[in-house]
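Predicted model only: the values in this text are computed from it and were never measured.
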Amino acid sequence: VGTFTGYATLQMALALPDGGIIRTCESNAKYAGIARRFFERYREEGGETEIRILPGLAMDSIRDHVLSASRDPHSGVDDTSHPVRDQKPGAPLDFIFLDADKEQYPEYYELLVPALQPGGVMVIDNAFWGGDVWNKKEKDRKAAAIDRMNRMISGNPEVENVMLTVRDGLHIIRKKP
C-alpha cells in the first residue's frame, strides 16, 4: 500500500517465485507513472512476477481492489480502474508492505490485518517518523497516527511484532497461526 517510484515493489518481485503476484496501490498519478515505466522495463527484461498497479489509497479502493482480489488470469503490468477479475472475496494475503499516507496508518492496519493469512507478515515503514513518535510531547498528525498504530499493534493479541531500528523504523507484524 503506497508505491511511490516502485523500487521496493521491484525488490519484492525479485524475491518471489514464478507465478507470484504483487498488487500495489498508488494515488499519486505522477508516482504511479514512474513506477509503471519501471515495471514495464522489468517485464521487458524477463521479470516473471506479475505486478499490478491498482487505483488509489482510499479505504474503499483497497477493499475493492486488493482485499477482494485473488488471481487474475492476465499477466503483465496492469493499471486498471476496476476490481481484479476472478475474485475470491476475502482471499488471504501472504505479505503486506505499508508505506502510504501516515495519517491513515491506524485505519490501514485495522483494515489489512484481518486480510493476512495465519503466519502472514506485514511490514510497516516509518514506524519512528524521524523520532517524532516518542520525542515530542506535541506530535504532528502524522506522528500521532503512527504512534496510535504502534500502540494498536503492541496491544493486539492476534499478532506478534517487532520494531527494527533500521533507518526510520520498520514495524514487522506476523499474524499468529
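Distance check: I53 CD1 to C25 SG gives 10.0 Å after rounding to the nearest 0.5 Å. Here the straight-line distance linking atom CD of Q104 with atom CG of L111 works out to 10.5 Å at 0.5 Å rounding. The structure places CD of E50 at 11.5 Å from CG of L16, a figure rounded to the nearest 0.5 Å. Here the OG atom belonging to S154 is positioned 10.5 Å from the CD1 atom belonging to I173, to the nearest 0.5 angstrom. Taking CE of M122 as the start and CG of D94 as the end, the distance is 13.0 Å to the nearest 0.5 Å. Atoms CD and CG, from E158 and L116 in turn, are 10.5 Å apart once rounded to the nearest 0.5 Å.
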- In sequence, state the C-alpha distance, the side-chain angles, and the governing distance for F4 and N28, and then conclude on side chain to side chain contact (heavy atoms under 4.5 Å, CB included). CA-CA 8 Å; F4 192 44; N28 183 303; over 6 Å; no

- Query: Passes side chain to side chain contact (heavy atoms under 4.5 Å, CB included), W134 versus D147? Steps please.
  - Reply: CA-CA 8 Å; W134 66 81; D147 184 40; over 6 Å; no

- Take M12 and I22, measure what side chain to side chain contact (heavy atoms under 4.5 Å, CB included) needs, and give me the verdict at the end. CA-CA 8 Å; M12 288 179 244; I22 294 177; 4.1 Å; yes

- Residue pair N161, I172: steps toward the side chain to side chain contact (heavy atoms under 4.5 Å, CB included) verdict: CA-CA 5 Å; N161 72 95; I172 301 176; over 6 Å; no

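The shortest side-chain heavy-atom distance between I21 and T49 does not fall under the 4.5 Å cut-off. Contact check for V1 versus L112: side-chain heavy atoms found under the 4.5 Å cut-off. Taking the side chain as every heavy atom from C-beta outward, F39 and T24 approach each other to under 4.5 Å. For the pair Y105 and R148, the minimum side-chain heavy-atom distance is 4.5 Å or more. Annotation: side chain of I153 is in contact with side chain of I124 (closest heavy-atom distance under 4.5 Å). Looking at heavy atoms from C-beta onward, D132 lies out of side-chain contact with K139 at the 4.5 angstrom threshold. Inter-residue side-chain proximity for H171 and V123 is flagged as unmet; no heavy-atom pair is nearer than 4.5 Å.
Not one N or O on the side chain of Y108 forms a donor-acceptor pair closer than 3.5 Å with the backbone of D99. Of the possible donor and acceptor atoms, none in the side chain of N126 sits under 3.5 Å from a partner among the backbone N and O of W129. Side chain of E103 to backbone of R141: no donor-acceptor contact under 3.5 angstrom is found. With hydrogens and angles disregarded, a donor-acceptor distance shorter than 3.5 Å links the side chain of N150 to the backbone of A127.
Counting only residues at least two apart or on different chains, the salt bridge (charged side-chain N to carboxylate O under 4.0 Å, His left out) pairs with a member in residues 164-177 are E160-R174.
Salt-bridge formation is not detected for the pair R43/E45: no Lys NZ or Arg NE/NH1/NH2 atom is positioned less than 4.0 Å from an Asp or Glu carboxylate oxygen.
A donor and an acceptor atom, one from each side chain of T3 and T9, are nowhere located under 3.5 Å apart.
Looking at every heavy atom in both residues, P177 comes nearest to P118 through CA-CB, 3.6 Å. A145 and P106 get closest at one heavy-atom pair: O-CG, 3.3 Å.
In K142, the NZ atom is not crowded: 12 or fewer heavy atoms of neighbouring residues, nucleotides or ligands sit closer than 6.0 Å.
Residues that satisfy the ring pair (Phe, Tyr, Trp, His ring centres under 6.0 Å) test with F38, not counting sequence neighbours, are absent from this structure.
Linking Ile, Leu, Val, Met, Phe, Trp and Tyr whenever their side-chain heavy atoms come within less than 4.5 Å leaves F95 and Y7 in two separate clusters.
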